[in-house]
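Only one structure is covered here, and it is reproduced in the block below.
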Amino acid sequence: DGKPIFVHVTEAHGYGYALLYCLTTVFMTFGIFNVIAAIYVENTVAAAKFNEIRQRQLRLTDQKVFTMRIMSLMELVWRHHENNNSGTSIVDLSPEDAAQVQITPELYERLTKMREFQDIMKELDVNEEAQLDLFETLDVDAGGTLDLEELVQGISKLRGDARRSDVVSVSLMVRAVLEGLADFQDSVDEQFGLCGEALRYLYGVAARGEPPSPMSPMPT
């Protein structure tokens with residue numbers, strides 16, 4: 001007859017059941033809309049995250065962009081270097097002179113406080129946590145300074161997040177070093193054994209009072 005369900009419930013069961021029906025309908029309606037909104041937000045966030053990861057992958061594989069950012073970084077380093085008294089550009093230096101440019105801890109600390117340096121490192125996908133102890137990380141020879149080659153090679157390895165391939169690569173290198181040390185130890189033990197036999201032979205000759213002849217056979 002066109003009457004709403006609420007009216008039929010009220011006439012048949014009273015206002016209590018009608019109120020319960022209304023509350024149930026409201027809760028179900030809001031619940032369904034919340035589920036739909038949650039699914040939409042989740043898909044939107046997932047799409048944004050995928051897009052960010054994809055853009056980062058493109059930046060990490062774009063050698064042209066990397067070269068431009070590295071040149072900007074080296075230009076910034078040379079601009080604030082204590083040996084740059086004439087205000088020249090890094091491109092004006094010869095390869096030999098550029099290889100002699102050393103970055104001291106004091107210079108690196110000044111650079112980390114500059115907004116331009118922070119922006120370049122961000123564009124190179126080096127996170128802020130890695131920037132804090134970057135100098136100690138890249139100073140592999142513990143010389144107290146960094147040259148431009150160490151800086152460039154270190155930054156190229158620190159770009160992006162840690163990947164499983166990095167862990168596997170380190171594990172394989174450590175295994176190769178351990179195998180090399182084991183071979184070296186075997187070789188040293190063998191040489192020590194030969195030296196011991198030679199010493200025992202010389203002691204025996206000395207005990208008999210016979211000078212060792214150049215043609216005397218030595219134990220092998």
Side-chain angles (χ1 to χ4, degrees), residues 44-181 183-184:
T44 302
V45 172
K49 185 176 182 180
F50 175 80
N51 188 40
E52 180 182 358
I53 294 175
R54 180 60 179 171
Q55 290 180 352
R56 177 177 295 182
Q57 291 176 346
L58 292 176
R59 290 197 304 268
L60 292 176
T61 56
D62 194 337
Q63 292 298 322
K64 182 178 180 180
V65 174
F66 175 73
T67 303
M68 293 174 57
R69 299 296 180 267
I70 285 295
M71 286 300 301
S72 301
L73 179 61
M74 291 193 297
E75 185 68 34
L76 178 64
V77 171
W78 178 241
R79 188 192 314 157
H80 296 277
H81 200 275
E82 55 269 15
N83 294 339
N84 187 13
N85 300 321
S86 57
T88 58
S89 174
I90 189 68
V91 297
D92 298 330
L93 300 179
S94 64
E96 294 77 13
D97 293 336
Q100 299 300 321
V101 175
Q102 299 293 319
I103 304 174
T104 62
E106 294 77 15
L107 174 59
Y108 181 78
E109 185 176 359
R110 294 203 312 269
L111 291 172
T112 55
K113 298 178 181 179
M114 299 179 184
R115 184 65 181 177
E116 184 179 357
F117 178 84
Q118 297 173 3
D119 292 340
I120 294 176
M121 298 298 283
K122 184 177 180 180
E123 292 173 352
L124 288 171
D125 290 292
V126 178
N127 56 51
E128 297 180 0
E129 292 79 7
Q131 297 179 28
L132 298 177
D133 56 352
L134 180 63
F135 188 92
E136 291 77 9
T137 303
L138 300 185
D139 188 17
V140 293
D141 57 358
T145 58
L146 291 177
D147 56 35
L148 295 180
E149 182 179 1
E150 288 177 325
L151 181 65
V152 173
Q153 290 182 352
I155 290 178
S156 65
K157 299 297 183 182
L158 287 174
R159 300 180 68 199
D161 299 327
R163 298 177 294 272
R164 184 177 181 181
S165 59
D166 298 329
V167 179
V168 173
S169 176
V170 172
S171 178
L172 293 176
M173 286 190 292
V174 171
R175 181 184 300 177
V177 171
L178 292 177
E179 291 177 354
L181 289 176
D183 294 339
F184 176 75

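- His81 is linked by a ring-ring contact (aromatic ring centres under 6.0 Å, His included) to Trp78, counting only residues two or more places apart in sequence or in another chain.
- Side-chain atoms of Val152 and Leu73, non-hydrogen and from C-beta on, never get closer than 4.5 Å to each other.
- Applying the side-chain contact (heavy atoms from CB on, under 4.5 Å) criterion to Gln102, with sequence neighbours excluded, gives Thr145, Asp147.
- Here the side chains of Ile90 and Val77 are not in contact, with every heavy-atom distance at 4.5 Å or above.
- Taking CD of Glu179 as the start and CG of Leu181 as the end, the distance is 10.5 Å to the nearest 0.5 Å.
- Partner of Val101 under the side-chain contact (heavy atoms from CB on, under 4.5 Å) criterion, chosen from Leu148, Leu151, Leu146: Leu148.
- A search for side-chain contact (heavy atoms from CB on, under 4.5 Å) contacts involving Val91 returns Met71, Ser89, not counting sequence neighbours.
- For the pair Gln118/Met114, no side-chain contact is recorded, criterion being any heavy-atom separation below 4.5 Å from C-beta on.
- Of all heavy-atom pairs spanning Pro105 and Gly144, the tightest one is CD-O, 3.2 Å.
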Legend entry - CA sep, side-chain torsions, deciding dist, call: Arg69, Lys64, side chain to side chain contact (heavy atoms under 4.5 Å, CB included): CA-CA 9 Å; Arg69 299 296 180 267; Lys64 182 178 180 180; over 6 Å; no
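- With sequence neighbours excluded, the residues that form a ring-ring contact (aromatic ring centres under 6.0 Å, His included) with Phe117 are Tyr108.
- The backbone N or O of Met74 sits nowhere less than 3.5 Å from a side-chain atom of Arg79 that would complete a donor-acceptor pair.
- Looking at residues two or more places apart in sequence or on another chain, you find a side-chain contact (heavy atoms from CB on, under 4.5 Å) between Val174 and Val170, Leu178.
- Rounded to the nearest 0.5 Å, atoms CG (Leu124) and OG (Ser156) are 10.0 Å apart.
- Residues satisfying the side-chain contact (heavy atoms from CB on, under 4.5 Å) test with Ser94, not counting sequence neighbours, are Glu96, Asp97.
- Taking the side chain as every heavy atom from C-beta outward, Met121 and Ile155 approach each other to under 4.5 Å.
- Within the model, atoms CD of Glu150 and CZ of Phe135 stand 8.5 Å from one another, a figure rounded to the nearest 0.5 Å.
- With rounding to the nearest 0.5 Å, the separation of CG in Leu107 from CD in Glu109 is 10.5 Å.
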